[in-house]
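The structure appears right after this line, and notes come after that.
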Amino acid sequence: MSENNPQLTPDEFSEWQMKITIANLHNILCHCRQCDKEWVASTFETCSCGSTEVEHILCWQFPDD
């Protein structure tokens with residue numbers, strides 16, 4: 001079992017971490033604080049309005065409904 005998570009073996013824990021890393025690369029919720037536009041991207045982007053005031057939230061943090 002893993003020291004950080006006793007329910008997972010070290011291999012399972014490593015696989016879980018890799019899946020989170022992959023999800024982070026492809027699912028970033030972007031929210032422009034200037035024009036309020038929202039979109040999902042695979043990079044930390046600036047807004048199409050030209051603003052760099054963009055909040056980036058990794059989508060894996062949202063529950064599936």
Inset, instruction - Could you walk me through whether Cys49 and Cys32 pass side-chain contact (heavy atoms from CB on, under 4.5 Å), step by step? - result: CA-CA 9 Å; Cys49 77; Cys32 180; 3.8 Å; yes
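- The two atoms that bring His31 and Asp36 nearest to each other are NE2-OD1, 2.6 Å, heavy atoms only.
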Inset, instruction - Run the numbers on Cys35 and Cys47 for side-chain contact (heavy atoms from CB on, under 4.5 Å), then give the verdict. - result: CA-CA 9 Å; Cys35 74; Cys47 185; 3.7 Å; yes
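- A continuous path of Ile, Leu, Val, Met, Phe, Trp and Tyr side chains, each step under 4.5 Å between heavy atoms, connects Val40 with Ile57, placing both in one hydrophobic cluster.
- Note that CD of Glu53 is 11.5 Å distant from OG1 of Thr46, once rounded to the nearest 0.5 Å.
- The two residues His56 and Glu45 make their nearest non-hydrogen contact at NE2-O, 3.1 Å.
- In this structure, OG on Ser48 lies 3.0 Å from NZ on Lys37, to the nearest 0.5 angstrom.
- Here the straight-line distance linking atom OG of Ser42 with atom CD1 of Ile28 works out to 7.0 Å at 0.5 Å rounding.
- Side-chain N or O atoms of Gln17 include none that pairs as donor or acceptor with a backbone N or O of Ser14 at under 3.5 Å.
- Between the CG atom in Leu58 and the CZ atom in Phe44 there is a gap of 5.5 Å [rounded to 0.5 Å].
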